[in-house]
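A short write-up of the structure that comes next.
Lettering follows sequence order; numbering is per chain, from 1.
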Amino acid sequence: MKYDFTAIEQKWQNRWEEQKLYCATTGSDKPKFYGLIEFPYPSGAGLHVGHARPYTAMDVIARKKRMQGYNVLFPMGYDAFGLPTENYAIKNHIHPRIVTENNVKVFRSQLKALGYSFDWDREINTTDPGYMKWTQWIFLQLYKNGLAYKAKMPVNWCTSCKCVLANEEVVDNVCERCGSPVVRREKSQWMLRITRYADRLIDDLDDVDYIERVKIQQRNWIGRSTGAEVNFAATTGDVITVYTTRPDTLFGATYMVLSPEHALVEKWMPQLTNAEEVQKYQAEAAAKSDFERSELNKDKTGVELKGVRAINPVNGKEIPIFISDYVLSTYGTGAIMAVPAHDTRDWDFAKAFDLPIIEVVGGGNVQEEAFTDVETGIMVNSDFLNGMEVAQAKEAIIAWLEEKGIGHSKVNYKLRDWVFSRQRYWGEPIPIVYCDKCGEQPLNESDLPLLLPDVESYEPTDDGESPLAPMTDWVNCTCPKCGGPARRETDTMPQWAGSSWYFLRYMDPHNEDALASKEALEYWSPVDWYNGGMEHTTLHLLYSRFWHKFLYDIGVVPTKEPYAKRTSHGMILGEGGEKMSKSRGNVINPTDIINAYGSDTMRTYIVFIGDFEKACSWSSDAVKGCKRFLDKVWNLSENVVPGEEYSPENETLIHKTIKKVTEDIDSLKGNTALAQLMTLVNQFSGGCNRAEFRTLLQLLSPFAPHICDELWEVHGFEGICSVSQWPVYDENKCRDALVDIAIQINGKFKGTMQLAADLPQEDVIAAAAANETVLRNVEKIGGKIVKTIVVPNKLVNVIVK
RNA sequence: GCGAGAGUGCUGGAACAGGUAGACAGGCACGUUUGAGGUGCGUGUGUCGAACGGCGUGUGGGUUCGAGUCCCAUCUCUCGCACCA
């Protein structure tokens, strides 16, 4: 019989779907397992191998869990709002909804062709009105709880997308998505107060099982630092508040620096003797992009504010005040006290402007370089702090500042509030209206979802207005409070909105009265295992944790954290180790591989390709190797003899294999699990019995489910392989009766000897002493055996002197 | 600059908790099956050497009976952050 993978795969995919074999049941008594992967953005290019890697890995886990008796929720959906769809729609004059529908169709058929065990009854799409309704509902709750607010502020504006971006979407001052330059614009924007959750987003990382680099990256992004705010008096009578993490070095503050945008600079302008020079510097700084500002970070520039001085509150000394663009207006208070002796940047500036450097922490040579070590230093030149260690001095000075009422301890974050407005058409409209009488008003929940107007044209505008703004039929509405005339908010939500809670919708996707029922949320929460890309660590992953915590606070969800475990996959590179890209022409289309070798081969290769967490390059030859392996399994099927028990010559290897496959799948090492299965199949090359073949099919089933279900049926085993009960192993049967013991002479490997397993140590030593290899080497060295080290069942090391 | 991770055959990659480095696969070579083969099967394949044997996990040290694995130093690469006071 021929291995007709196309027919077999089609047959089983149909059967799985008809029988709803992989559908999850809320409330089942079985233990639950919720495995999640990031749902795709249905782009016009279709599914690529980058999707297939994490999807296949989680499918293998889900399939194994199911066979182990878990009630498995493994869902799929589409994150379908977004710019590429909108741009494509504009260019080709098709409505984005149609574009989305077409793309989703392609994605769905590709996903099905890969044989994933998704619960297709729970498929979701973020652009469905029934889904959008709850995205908008969550926004209203955020609004009502003071976490969504409108603010006029400088924002990142992508010159190509003609749209505002969140800080997280700007990489090296270009748009993360399209690579076009990002400029600053002053705009009124909807913001989400993610900063209110900064502490919990850091602290609760201790309670979840995320791979370490994800935790580190999130902590760094939130960027919590503890220090103090200190008030300096200016000679004008104004107060300059600074933020510092080193209040202990206050005695070493020899000048101050304000950011060029600091409000006091404007206030003081009339009394500055060098106002012109100051204004020129401000103008230069404003003209520079953030990129240029940080590019030029080698040489410190700045201008002294002549005519104003500050007083160091600890010693009453007058010190000069500068403006410089190395002080950021957006962090802390936009002003610093400069301690050149103990801060590298201040040191550079002091050298450039010839300012005094006063050592206040001993241990370095501050005339040569800034001494920033906080572990070893002892305070000097600091009055009542002298002799203390840095940590001690921090506490003492903060106490002193608080007592005098001129400072207090303070925690700062790099994290900023989330810019939530986008000036595009293809997103969820923000459910707010503006009434002349009542002002800003949220829509009534009963009026959700607020749908997009169905129009012909929705080109982005250059003036920063949403394309929805000119659609007066839609914009003009009535005020939900007074019923008078009102106008709708015309900005839409970012793509991150729908994906911030989608994992909850899977739990109860058709619910019309709530985002999901209490029962479903209680039963399925939290997601047990979430795998996704590192690129989402400070975007989607952080955003969704924020939303989830908020939903927890208002009693909607039962857990503080959405995901119990997070892992991440490496990229699949092209054949030569280069990134796959259209321009290089090295993109692998999963459909081509499926057509040529079958989905089981594709799946097997994707798992076998290498370490899941590392980048791997695609190899067309190695794909064939996996096809060969499945061919061998297929051919083995014709050499299966009767036998309901494992035969003695295969028993140990089978138990070992069950053990290895079971453990390796759980630790994302499908590559070595498959290697072990290949070893087993190689051992079976002459044939195997029914019991052995049955176990092989079960172990291979998570990786190559179609061929296994088919052969299972061909051999008349009961039920369906992919939902049969996972085989168990006996630890005692995982060991060979005879073992090869390595022989080392003085630590060098010389050969092996075969002994019975678990022999007492004395017997092993005796066997070694009598061993030919040992005797020969002892003689050669011309010494005596002084010691023998035995590692049970592994090795003996004979020390000869 | 700071933080994280990684350097193993011709290639992708294995190696539990320090215990036979190179599993498994690809490629290549030879043989064989075949009318033919981008088929199947078999054998070989780290390196030097005819062999005995020696040498081998980026580099240099160290700890240990024993190091790819641990420690110190150093080089290279990848990723993340980047004037965050």
Side-chain angles (χ1 to χ4, degrees), chain A residues 171-172 211-221 223-225 227 242-247 249 257 259 290 293-298 300 324-328 330-339 342-346 348-349 412-416 534-535 537-538 570-571 575 577 604-605 608-611 613-626 628-629 631-632 635 660 663 669 671-679 681-682 685 740-752 776 780 786-801:
Chain A
V171 178
D172 291 336
I211 50 170
E212 203 53 31
R213 55 201 171 116
V214 168
K215 289 190 182 185
I216 289 167
Q217 235 170 277
Q218 289 208 344
R219 284 195 196 105
N220 289 346
W221 185 261
R224 179 163 65 189
S225 72
V242 302
Y243 173 71
T244 176
T245 55
R246 295 294 305 276
T249 61
V257 187
S259 69
D290 286 0
R293 276 201 188 189
S294 55
E295 239 343 52
L296 300 167
N297 69 11
K298 289 281 183 288
K300 294 281 181 284
S324 172
D325 62 6
Y326 84 89
V327 173
L328 309 174
T330 46
Y331 184 77
T333 61
I336 62 157
M337 65 176 207
V339 185
H342 305 291
D343 180 281
T344 321
R345 295 149 302 176
D346 297 346
D348 291 343
F349 190 86
N412 249 320
Y413 305 90
K414 289 190 209 173
L415 184 71
R416 307 291 150 70
M534 282 307 288
E535 71 275 17
T537 302
T538 55
M571 234 195 298
E575 199 101 17
T604 305
Y605 176 61
F608 191 63
I609 192 167
D611 187 330
E613 295 208 3
K614 286 195 213 140
C616 291
S617 34
W618 185 269
S619 157
S620 303
D621 284 328
V623 178
K624 289 179 206 158
C626 289
R628 250 172 246 162
F629 166 61
D631 283 338
K632 277 189 200 171
N635 295 332
K660 181 134 186 77
E663 291 173 352
K669 290 181 161 184
N671 52 336
T672 49
L674 279 169
Q676 181 72 23
L677 285 167
M678 288 171 180
T679 307
V681 171
N682 289 343
S685 61
D740 285 325
I741 305 277
I743 300 169
Q744 288 186 354
I745 305 294
N746 294 339
K748 292 249 177 213
F749 173 74
K750 295 291 175 186
T752 59
R776 198 176 61 235
K780 203 172 138 193
V786 294
K787 196 177 169 189
T788 306
I789 292 153
V790 177
V791 180
N793 296 330
K794 280 257 165 84
L795 129 175
V796 285
N797 187 7
V798 182
I799 312 302
V800 182
K801 272 185 182 160

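- Closest to the side chain of Asp611(A), from the set C16(B), A14(B), A85(B), is A14(B).
- For the C1' atom pair drawn from G12(B) and G27(B), the interatomic distance equals 11 Å after rounding to whole Å.
- The cationic group of Lys300(A) lies under 6.0 Å from the six-membered ring centre of Tyr326(A) and within 45° of the ring axis, placing it in a cation-pi geometry.
- Within the 4.0 angstrom heavy-atom criterion, no nucleotide atom of any strand lies near Asp631(A).
- C30(B) and A23(B): their P atoms are spaced 23 Å apart (whole Å).
- Atom NZ in Lys794(A) sits roughly 14 Å away from atom C1' in A21(B) (whole-Å rounding).
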Atom pairs under 3.5 Å, N or O on each side, protein against nucleotides 7-10 of chain B: can you list them with distances?
none

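- Considering only side-chain atoms of Met678(A), the nucleotide from A25(B), G27(B), U20(B) that sits closest is A25(B).
- Side chain of Thr679(A), nearest nucleotide from A4(B), A85(B), C24(B): C24(B).
- If you check every strand for non-hydrogen atoms under 4.0 Å, Gly332(A) touches nothing.
- Distance from the side chain of Ile799(A) is smallest for C65(B) among the nucleotides C24(B), G3(B), C65(B).
- For Asn682(A), the side chain to side chain contact (heavy atoms under 4.5 Å, CB included) test picks out Lys632(A), with sequence neighbours left out.
- Whole-Å rounding puts the Asn671(A) CG to G12(B) P distance at 14 Å.
- Nearest nucleotide to the Thr672(A) side chain, out of A14(B), A82(B), A85(B): A14(B).
- Note on Ser225(A): a side-chain N or O is less than 4.0 Å away from OP1 or OP2 of A85(B).
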Can you tabulate the close N/O pairs, meaning under 3.5 Å, that link protein atoms to atoms of nucleotides 49-56 of chain B?
residue: G54(B); atom: OP1; partner: Lys750(A); partner atom: NZ; Å: 3.1

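- When both distances must be under 3.5 Å, the Watson-Crick or G-U wobble mate of C65(B) is G19(B).
- Between the side chain of Lys414(A) and the base of C81(B), no donor-acceptor pair under 3.5 Å is found.
- One finds no side-chain N or O of Asn797(A) lying less than 4.0 angstrom from the OP1 or OP2 phosphate oxygen of U20(B).
- Spacing between atom CD1 of Ile743(A) and atom C1' of C65(B) amounts to 16 Å, rounded to whole angstrom units.
- Rounded to a whole Å, the CZ atom of Arg213(A) is 11 Å from the P atom of G80(B).
- By the rule that a glycosidic angle within 90° of 0 means syn, G37(B) does not qualify and counts as anti.
- Nearest nucleotide to the side chain of Asp343(A), out of A85(B), C83(B), C24(B): A85(B).
- Taking the C1' atom of each, C71(B) and G26(B) are spaced 37 Å apart, rounded to whole Å.
- Atom pair Leu674(A):CG and A14(B):C1' shows a separation of 13 Å (rounding to whole Å applied).
- Salt bridge present: Asp621(A) and Lys624(A) bring a charged side-chain N and a carboxylate O closer than 4.0 Å.
- If you take CG of Leu328(A) and P of A82(B), they are 11 Å apart, rounded to a whole angstrom.
- When distances are taken from the side chain of Thr245(A) to each of G26(B), G3(B), A85(B), the shortest belongs to A85(B).
- Among the atoms of the strands shown, only primed sugar atoms or phosphate atoms (P, OP1, OP2) are found under 4.0 Å from some heavy atom of Lys669(A).
- Comparing G40(B), C65(B), A85(B) against the side chain of Ile789(A) picks out C65(B) as the nearest.
- As rounded to whole Å, 14 Å separates atom C1' of U11(B) from atom NZ of Lys624(A).
- Residue Phe629(A) is classed as having no contact, given no heavy-atom separation below 4.0 Å to the nucleic acid.
- Using a 4.0 Å heavy-atom cutoff across all strands shown, Gln217(A) reaches sugar-phosphate atoms only and no base atom.
- Using a 4.0 Å heavy-atom cutoff across all strands shown, Ala338(A) reaches no nucleic acid atom at all.
- Distance check: Tyr413(A) OH to Arg224(A) CZ gives 5.5 Å after rounding to the nearest 0.5 Å.
- Separating the OG1 atom in Thr537(A) from the CG atom in Asn220(A) is a distance of 11.5 Å, to the nearest 0.5 Å.
- Only the P atoms considered, C52(B) is 28 Å distant from G60(B), to the nearest whole Å.
- Side-chain proximity of Asp621(A) to the nucleotides C41(B), G26(B), G13(B) is greatest for G26(B).
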